[in-house]
Chemist: 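Here you go, one structure.
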Amino acid sequence: MSQDGSAAFWLAAEPLILASKSKGRRMALEQSGLPFLIHPAEIDERAIETEVVAAGGDADAVAARLARDKALLVSRARPGALVVGADQVASCEGRRFGKPATVAAAAEQLRYLSGRTHRLHSAIALARDGHIIFETLAHADLTMRAVSSEFLARYLDSVAEEATTSAGAYQIEGLGVHLFERVAGDHWTIVGLPMLPLLAALRREGALLS
């Protein structure tokens, strides 16, 4: 749980529940000073993505559905609590990327993104008692520099399995920043938790001091 003194802004009886084990999302909440607990949602992301795509859904639809499903699943297990679910998908020139399954898949993905601009689709959903009370989606466009094979090998040796924990196969808040030459979008969207709309929703719900 966040121990930051600015939790004095928090008015709800219980901490916010983050339905994710993402380090970037946890860091975003810690930096905002919100009191929160982590309760990862155990869902089959690949099966849900396959279902959404089969129904004609695009990257926005995939991210939004996964965020909703995570929030709803954990919300049913945490009566009365506010639960935020989040997900992120990357897309580039008609291709869609989720979390790579292996480090080898991450390497292939990064080789494709090298020298190209891709888009991050970051969705959040806020739930209480098994009902979605707010959801939104934000975008960021990132241009990856043309990286050398030697750089890519050293990068993957350094981050190892962390490359498989996020869409795009990087964490821009860490060593992943070395991959880029240009970014258009806010920091929170890039780390996968659009904070400003989330904070506004929490204020509307009376959980944060206005």
Chemist: Please answer: with hydrophobic residues joined when any side-chain heavy atoms are less than 4.5 Å apart, are Leu11 and Leu16 in the same cluster?
Modeler: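 No, because Leu11 and Leu16 fall into different hydrophobic clusters, even though each may have its own neighbours under 4.5 Å.
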Chemist: Could you tell me whether the side chain of Leu66 reaches within less than 4.5 Å of the side chain of Val52, counting heavy atoms only?
Modeler: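 The answer is no; the side chains never approach within 4.5 Å.
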Chemist: Hey, what do you get for CD1 (Ile190) to OG (Ser166), rounding to the nearest 0.5 Å?
Modeler: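 Ile190 atom CD1 to Ser166 atom OG measures 12.0 Å (nearest 0.5 Å).
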Chemist: Within a radius of less than 6.0 Å around CD of Glu108, do more than 12 heavy atoms belonging to other residues, nucleotides or ligands occur?
Modeler: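 Atom CD in Glu108 is not crowded, with 12 or fewer foreign heavy atoms closer than 6.0 Å.
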Chemist: Looking only at atom types and distance, does a side-chain atom of Gln88 sit under 3.5 Å from a main-chain N or O of Thr189, one as donor and one as acceptor?
Modeler: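 Side chain of Gln88 to backbone of Thr189: a pair is present.
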Chemist: With side chains defined as the heavy atoms from C-beta onward, is the minimum distance between Gln31 and Met195 less than 4.5 Å?
Modeler: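 Sidechains of Met195 and Gln31: no contact.
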Chemist: Can you find a pair of side-chain heavy atoms, one from Leu72 and one from Arg76, that are under 4.5 Å apart?
Modeler: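 In contact.
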Chemist: Same cluster or not: are Leu193 and Ile132 linked, directly or through other Ile, Leu, Val, Met, Phe, Trp or Tyr residues, by side-chain heavy atoms under 4.5 angstrom apart?
Modeler: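 Each belongs to a different hydrophobic cluster.
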Chemist: In Å, rounded to the nearest 0.5 Å, how long is the span from CD of Glu45 to OG1 of Thr50?
Modeler: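 Here the rounded value is 11.5 Å.
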Chemist: Is any side-chain heavy atom of Ser122 closer than 4.5 Å to one of Trp188?
Modeler: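 They are not in side-chain contact.
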Chemist: If two hydrophobic side chains count as joined below 4.5 Å and joins carry through other members, does Tyr112 share a cluster with Leu120?
Modeler: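 As far as the 4.5 Å side-chain criterion goes, Leu120 and Tyr112 are connected within one cluster.
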Chemist: Is there a donor-acceptor contact under 3.5 Å from the side chain of Arg96 to the main chain of Asp58?
Modeler: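 Checked: no pair found.
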Chemist: Could you label the plane-to-plane angle of the Tyr170 and Phe180 rings as parallel, tilted or perpendicular, counting under 30° as parallel and over 60° as perpendicular?
Modeler: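 Perpendicular, since the angle between the ring planes exceeds 60°.
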Chemist: NE2/His139 to OG/Ser91 distance, rounded to the nearest 0.5 angstrom?
Modeler: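 Interatomic distance, His139 NE2 to Ser91 OG, rounded to 0.5 Å: 7.5 Å.
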Chemist: If you measure from CG on Leu202 to CG on Leu198, what distance do you get to the nearest 0.5 Å?
Modeler: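 Spacing of CG (Leu202) from CG (Leu198) equals 4.5 Å.
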Chemist: Applying the salt bridge (charged side-chain N to carboxylate O under 4.0 Å, His left out) criterion to Lys23, which one of Glu173, Glu30, Glu162 satisfies it?
Modeler: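 For Lys23, the salt bridge (charged side-chain N to carboxylate O under 4.0 Å, His left out) test succeeds with only one of Glu173, Glu30, Glu162, which is Glu162.
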Chemist: Would you say that Val89 contacts Glu49 through its side chain, given a criterion of any heavy-atom pair below 4.5 Å between the two side chains?
Modeler: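 They are not in side-chain contact.
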Chemist: Do Thr117 and Glu93 have side chains that get closer than 4.5 Å, going by heavy atoms?
Modeler: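 Of all side-chain heavy-atom pairs linking Glu93 with Thr117, none is under 4.5 Å.
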Chemist: Between Val147 and Leu113, is there a shared hydrophobic cluster once you connect ILVMFWY residues whose side-chain heavy atoms come closer than 4.5 Å?
Modeler: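 Yes; tracing contacts between hydrophobic side chains, which count when under 4.5 Å, links both residues.
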Chemist: Would you check if Asp87 and Asp69 make a side-chain contact, meaning some heavy-atom pair closer than 4.5 Å?
Modeler: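 The answer is no; the side chains never approach within 4.5 Å.
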Chemist: Does NZ or CZ of Arg145 lie under 6.0 Å from the centre of the six-membered ring of Phe151, at an angle within 45° of the ring axis?
Modeler: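 Pair Arg145/Phe151 counts as cation-pi.
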Chemist: Taking atom CG of Leu18 and atom CD1 of Ile38, what is their separation to the nearest 0.5 Å?
Modeler: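 It is 6.0 Å, given to the nearest 0.5 Å.
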Chemist: Identify whether Met27 and Leu29 are in the same connected component of the hydrophobic contact network (ILVMFWY, side-chain heavy atoms under 4.5 Å).
Modeler: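 Met27 does not cluster with Leu29.
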Chemist: Checking Arg95 against Phe97: charged group under 6.0 Å from the ring centre and within 45 degrees of the axis?
Modeler: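 No, Arg95 does not lie over the aromatic ring of Phe97.
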Chemist: Give a yes or no on whether a salt bridge exists between Glu14 and Arg78, defined as a side-chain N under 4.0 angstrom from a carboxylate O.
Modeler: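 Judged by the 4.0 Å cut-off on N to carboxylate O distance, Glu14 and Arg78 do not form a salt bridge.
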Chemist: Is there a side-chain contact between Glu161 and Val103 (heavy atoms, below 4.5 Å)?
Modeler: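 In contact.
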Chemist: First locate atom CG of Leu142, then atom CG of Leu179, and finally report the distance between them rounded to the nearest 0.5 Å.
Modeler: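 If I round to the nearest 0.5 Å, the distance is 10.0 Å.
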Chemist: Indicate the atoms forming the closest heavy-atom contact of Ala106 with Ala163, along with that distance.
Modeler: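 For Ala106 versus Ala163, the nearest heavy atoms are CB-CB, 3.8 Å.
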